[in-house]
Amino acid sequence: MQRIGVFVCWCGSNIAGTVDVVKVAEALKSEPGVVHSANYQYMCSQAGQQLIKDAIKEHNLTGIVVCSCSPRMHEATFRKTAAAAGLNPYMVEIANIREQCSWIHKDMQEGTEKAIVLGRTAIAKVNLNAPLKPGESPVTKRALVIGGGIAGIQTALDIADAGFEVDIVEKKPTIGGKMAQLDKTFPTLDCAACILTPKMVDVAQHEKIRIFSYSEVEEVKGFVGNFDVKIRKKARYVKEDVCTGCGLCTEKCPMKKVPNDFNLGMDNKRAIYIPFAQAVPKIATIDADYCNMLKNGKCGVCAKVCTAKAIDYTQKDEFVEEKYGAIVAATGFNPISMDKFDEFAYSQSKDVITSLEFERLMNAAGPTAGKLLRPSDGVHPHKIVFVQCVGSRCASCAEKGKEYCSKICCMYTAKHAMLTRDKYPDTDVTVFYIDVRTPGKQFDEFYRRAAEEYGVHYIKGMVGKVSPEGNKLIVQGSDLIANKQLKIEADLVVLAAAIEPDKSARPLATMLTASMDTNDFFTEAHPKLRPVESPTAGIFLSGACQGPKDIPETVSQAGAAAAKVIGLLAKDKLTGNPCVAQSDELMCNGCSSCEKVCPYGAITYADKEFRGPNRTTLIRRVAQVNEAICQGCGCCTVACPSGAMDLKGFANKQIMAEVDAICK
Amino acid sequence: MQKITREVLIAKAEELLSNGTVSKVLGLKKGEFSYDQTPAVFTDIESMKKDFVFDDFSGANFSKYLIKETKKGEGKTLVFLKPCDTYSFNQLLTEHRFDREKVYVVGIACDGMVDIKKIKNAFGDGIVSVDATTDTLKVETLYDGVKEIAKAEVLAERCRNCKSKKHVAYDELIGEDGEVISSNRFDQVDELEKMTADERFAFWQNELSRCIRCNACRDVCPACTCEKCVFDNPNSGVQNKAAANSFEEQMFHIIRAFHVAGRCTDCGECSRVCPQQIPLHLLNRKFIKDINGFYGDYQAGEEVGNRAPLVNYTKEDLEPSEAVNKGDK
């Protein structure tokens, strides 16, 4: 029989305001196994902890229940307290009577009743607890960064500068991401390439960084400190170590009609291409969907002109397997598809474009060499309408767009408007907006300059319809301040499309067992206190994969994620979690269900001798858990048809006892 | 009638026993009545010639018997498997339940088996014998003399909805191998799904209230091969032997269906052996139908080593919330 002490915390008035803590302590005194029950204003304070330590010694306690805040807050505190008093730390259970009780109840009587039930539940569990001892596991001192945009680049550089090896996996043929496609950056208007490319070069030259470009993560196994990752290096049909990036092949390739995705399809590239001049690595890649040689074996021009003999039409996808201690997700974002926004005539007119397409039109390396020309006829537009919040803040049309604010659009639209007016003062610019949101250093000043100094017309209201008429676009919208409907004849319409996480994030999250929100942004371990960590240990978040972000924010978060990774990799050993699975060999029938579901590969099988009937010996195949690898996720306990697998510290029996205590 | 006769099987067994390929034969022998057959192990051909039976009542799936039989003694065990049995055979191999090397499988074509309970439903108890040598059965009853009934009318449910005439495992075949059949086996599940939750509850309450908890469904099920069944284990929290309360009605069969979900090959043995004629296969078919709907068509036991969707992960797997939403419809 356990000797259990119950400690009810007031948490000032946080708990005591809606829960009668004295009554709870009194009621729990008569629960089975309880020999001591007390209440105190702040259990987590030094005095509160001393109270627990004294009680453990005075009453010879074998287990304790602290009725307080969420175990995410102070479970570790009270485990240390118990350990300091000589009690096994896993004999401590927390009954969460704050987040799950006092904070959500208004009625004192209801709150008190529920707190008693929660306390009783924890007591029922402690009655079945057993002391546990954690093991240790080593740390592989290498990090993996998934995504080679500005977020991934910055994280990789910071980790590598601290002396740890870093691999970047980028699915495109070059690193650089979205920032490489931008023209100027707000609020300082420096050229994106001018500030990004030095960082790309730093990455390429860093002796601690390897770049796997045109590659994707195929499989992730293992756990914090010990991830095993399989990377697919997609066949680019060019030998990476031989290609000099001279670009001759990209000039001679006869296949000229390949949509150039770097310019968002607004011009063409060849079937063998280097995305842009400052690409890193600067290696040609063959687009197998368009290459005549790969499709029907006719051509071979690139191989003929390549002086380095780098072309290899027989190349296959290769797989690289590597061990990592930490993984950073930096998978970034994309503008949403405009398919569902027919009212803006995006699919009907070439002169309705997205803001990212506008970036390319303004960029010197873009399809128009930086001249602002209409995509339909190459004529300079004299009247441009910008529409903000296309698909953002779409609470009523969630199936079309996104409920959230995409955060960056107000600023880049102000930038686009300002740059247009600066370069082409003869062009009239109108911006339709719901609100203009400029919370950032120098942001509001920037927006006001656009509106006040550059004469951009800001109209509060949404555009209802864009209809092509001849070579004009008729924009119908409302001006909410003047309270009237407007009809504007425009030459070009630019849509500030909402941004969404890259499509690769969802399957990646499943591989990493990292959680996501309903919009497919990675969830952080705590929205305020642990913003760059995933709840899954060893997985970190960098950039827009965690939520919409501009460049300054992305770079800060990238550095923060790197700091967390460095903190992890600096350790030689990690203390494991003793709440691991164990198999009851007498029950196990060796069916392999547990092995199949184990995400960590912690389960193997051994043939063992058992006593059969009539003094015979039977040899049976039974499951063995490697405790150093097991993370205690509990998948095996659910999959086991025989109930042979159980989780230490969360045994089926303990959970059933908790359920019984609630239902009593 | 079965195109493959008892004599053909005995001849095959004689050949394999005499050339030393196998050391024993798993089969059926006559029980008290001709239709009521009992599993038996034959180690010599004489006893087999005397007692071995094979006819329209030889529906038993022998896969599960191999777990114990292969652990006894030296040499291989000969087993005759109908197409549907071979799925259970593969599923058991997938779960490492016996050593494939210790078994010699002769696949036999099957013309559908008769359900004696249906004959009894038609003519009452007191069936003395059934002559099944043609497709019109001659049933000798205790009180009403000889009656005739078409085999099609008393075909076992699982044979009426036969899902495959193709053997997925064998060492040799007798007769032609068939094809996988697109059956209407999910029609009844569709009907259950159309009911309201209350109607469905009432339906199952009615069916399961007949359960006498004889455990025959569990004991015969090739997916129930635990070392110790949860229902026999005092530590499991669901141990329960006698029908002391509504446990059978509300928990036993549901727990069992969950335990075999994703591993059940729909062999239909549970319903075959149920003395109370509870349509237990419908619980399993509901799971199979849902799994097919959620993860794409999957047939347990089709190949050895197949990873059932419930213990597998693919990037295309649907999210739990999607499963919940689809389940509502």
Side-chain angles (χ1 to χ4, degrees), chain A residues 128 216-221 503-504 506-511 513 515-516 518 520 583-599 605 607 610 612-614 616-623 635-636 638-644 646 651-657 659-660, chain B residues 64 67-68 70-73 91-99 102 218 221-239 255-264 287 300-301 304-322 325:
Chain A
L128 298 171
E216 283 175 40
V217 172
E218 189 75 9
E219 193 178 294
V220 179
K221 282 186 184 160
K503 293 279 179 243
S504 63
R506 169 63 66 175
L508 179 70
T510 314
M511 271 193 270
T513 62
S515 56
M516 286 194 137
T518 50
D520 280 6
S583 91
D584 181 342
E585 293 179 351
L586 289 174
M587 302 263 285
C588 174
N589 72 6
C591 75
S592 281
S593 289
C594 54
E595 180 203 20
K596 283 178 182 156
V597 298
C598 178
Y605 288 85
D607 286 327
F610 291 90
N614 305 324
T616 52
T617 303
L618 282 176
I619 294 175
R620 284 202 289 114
R621 181 177 190 269
V622 289
C635 285
C636 55
V638 183
C640 178
S642 305
D646 218 344
N652 291 333
K653 252 188 157 174
Q654 289 177 300
I655 293 165
M656 286 311 286
V659 175
D660 284 345
Chain B
K64 187 176 179 178
I67 299 172
K68 276 197 175 152
T70 52
K71 289 193 173 66
K72 289 182 198 157
Q91 183 61 27
L92 286 162
L93 282 178
T94 301
E95 294 174 11
H96 305 272
R97 303 305 289 128
F98 56 81
D99 183 356
K102 300 270 280 178
R218 177 197 70 180
C221 175
C224 270
T225 64
C226 286
E227 287 297 318
K228 191 166 192 103
C229 176
V230 287
F231 300 114
D232 297 338
N233 182 358
N235 290 324
S236 70
V238 291
Q239 180 222 19
I255 292 176
R256 224 185 68 74
F258 267 100
H259 278 202
V260 303
R263 307 188 296 125
C264 169
F287 274 100
V304 178
N306 257 3
R307 290 185 68 141
L310 295 184
V311 287
N312 197 11
Y313 154 72
T314 69
K315 287 184 201 166
E316 289 75 38
D317 274 0
L318 81 172
E319 299 295 321
S321 58
E322 294 173 57
N325 293 338

Inset, instruction - Report the residues that fulfil side chain to side chain donor-acceptor pair (under 3.5 Å) with A:Glu595, sequence neighbours left out, ordered by chain and then residue number. - result: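 By the side chain to side chain donor-acceptor pair (under 3.5 Å) rule, A:Glu595 matches A:Ser592.
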Inset, instruction - Go through the structure and list residues passing salt bridge (Lys or Arg N to Asp or Glu O under 4.0 Å) with A:Asp520, not counting sequence neighbours. - result: A:Arg506
Inset, instruction - Mind checking the CG-CD1 spacing from B:Leu92 to B:Ile67? Nearest 0.5 Å is all I need. - result: 5.0 Å
Inset, instruction - Check whether A:Cys588 gets within reach of chain B through its side chain, its backbone, both or neither, counting any heavy atom under 4.5 Å. - result: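 Contact with chain B is through the backbone of A:Cys588 alone.
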Inset, instruction - Specify whether B:His96 and A:Tyr605 have parallel, tilted or perpendicular ring planes, treating 30° as the upper limit for parallel and 60° as the lower limit for perpendicular. - result: parallel
Inset, instruction - Name the member of A:Leu586, A:Val597, A:Leu508, A:Thr616 that forms the most heavy-atom pairs with chain B at distances under 4.5 Å. - result: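 Result: the option with the highest number of such pairs is A:Val597.
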Inset, instruction - Considering only heavy atoms and a distance below 4.5 Å, find which of A:Lys653, A:Met511, A:Met587, A:Arg621 pairs most often with chain B. - result: A:Arg621
Inset, instruction - Among B:Lys228, B:Lys71, B:Glu95, single out the residue with the greatest number of heavy-atom pairs under 4.5 Å to chain A. - result: B:Glu95
Legend entry - B:Asp317 portion near chain A, given a 4.5 angstrom heavy-atom threshold: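 Neither part.
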Legend entry - A:Ser583 side chain vs A:Ala623 backbone, donor-acceptor pair below 3.5 Å: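 Side chain of A:Ser583 to backbone of A:Ala623: a pair is present.
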